[in-house]
Amino acid sequence: QVQLVESGGGLVQAGGSLRLSCAASGIIVRLNDMGWYRQAPGKQRELVANMPRGGVTNYADSVKGRFTISRDNVKNTVYLQMNSLKPEDTGVYYCHPLRSAYWGQGTQVTVSS
């Protein structure tokens, strides 16, 4: 059974930082293309960062230079380091093995101005 447990969200002022974690079980993250998505209120879920198994990481233009996706193969965990946060980064963040049906419960990030 695949489980993805996101954590690390919270309320932060603009300009602040947060590190999100996604602890995975039932899959091996280093063998999957992993992504972080976010869903802002009233908007569709969007991909903000992805880490292919062996390729170069990719970022949405809106977060490039501020967010960094990484993984710990020993802990089987994917991270999203978010710096210089802006109010428009507010939303629920999810990790997701690309092209799979698996989603976690998400973690709420709220950035105040």
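Remember, it's a predicted structure, so these values are computed and weren't measured experimentally.
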Listed partners of Phe67 passing ring pair (Phe, Tyr, Trp, His ring centres under 6.0 Å), at least two apart:
none

Check Ser100 against Pro97 and note the closest heavy-atom contact, atom names and distance.
OG-O, 2.6 Å

Quick one: closest heavy-atom pair of Lys64 and Asp61, and the distance?
NZ-OD1, 3.0 Å

Of all pairs that satisfy salt bridge (Lys or Arg N to Asp or Glu O under 4.0 Å), the ones with a partner from residues 4-18, not counting sequence neighbours:
none

Test Thr110 against every option in Leu85, Val92, Leu18, Leu11 by the side chain to side chain contact (heavy atoms under 4.5 Å, CB included) rule and name the one that passes.
Leu11

Are Leu80 and Tyr102 connected into the same hydrophobic cluster when the rule is that any two of I, L, V, M, F, W, Y join if their side-chain heavy atoms are below 4.5 Å apart?
yes

Partners of Arg19 by side chain to side chain contact (heavy atoms under 4.5 Å, CB included), sequence neighbours excluded?
Tyr79, Gln81

Asp89 side chain to Lys86 backbone, donor-acceptor under 3.5 Å:
yes

Heavy-atom side-chain contact between Met51 and Arg71 under 4.5 Å
yes

For Ser84 and Ser17 the tightest heavy-atom approach is N-OG, 4.3 Å

Point-to-point distance, once rounded to the nearest 0.5 Å, from CG of Asn73 to CG of Leu31:
8.5 Å

Main-chain N/O of Val111 paired to Thr90 side chain as donor or acceptor, under 3.5 Å
yes

Any chance you could measure Ser113, atom OG, to Glu88, atom CD, to the nearest 0.5 Å?
10.0 Å

Would Tyr93 end up clustered with Tyr59 when hydrophobic side chains under 4.5 Å apart are linked, directly or stepwise?
yes

Under a 3.5 Å distance rule, please check whether Asp33 uses its side chain to pair with a backbone N or O of Arg53 as donor and acceptor.
yes

Under 4.5 Å between any side-chain heavy atoms of Leu4 and Ile27, yes or no?
yes

Is there any ring pair (Phe, Tyr, Trp, His ring centres under 6.0 Å) pair reaching into residues 9-28, and which pairs are they, with sequence neighbours excluded?
none

Path from Ile69 to Val109 over hydrophobic side-chain contacts below 4.5 Å:
yes

Short question: side chain of Asn58, backbone of Val56 - any donor-acceptor pair under 3.5 Å?
yes

Please, which pairs that meet salt bridge (Lys or Arg N to Asp or Glu O under 4.0 Å) have at least one residue in residues 39-52, sequence neighbours excluded?
Arg38-Glu46

Using a 4.5 Å side-chain heavy-atom cut-off and chaining through intermediate ILVMFWY residues, the residues clustered with Val5 come out as none

When you group the ILVMFWY residues by side-chain heavy-atom contacts below 4.5 Å and let the links chain together, are Val2 and Leu98 in the same group?
no

Over all atoms of both residues, closest heavy-atom pair of Leu20 and Gly9:
CD2-N, 3.6 Å

Correct closest heavy-atom pair for Ala49 and Leu47 would be O-CD1, 3.4 Å

Output the distance between atom SG (Cys22) and atom CH2 (Trp36), rounded to the nearest 0.5 Å.
5.0 Å

Backbone N or O of Val29 within a donor-acceptor pair of the Asn76 side chain at under 3.5 Å?
yes

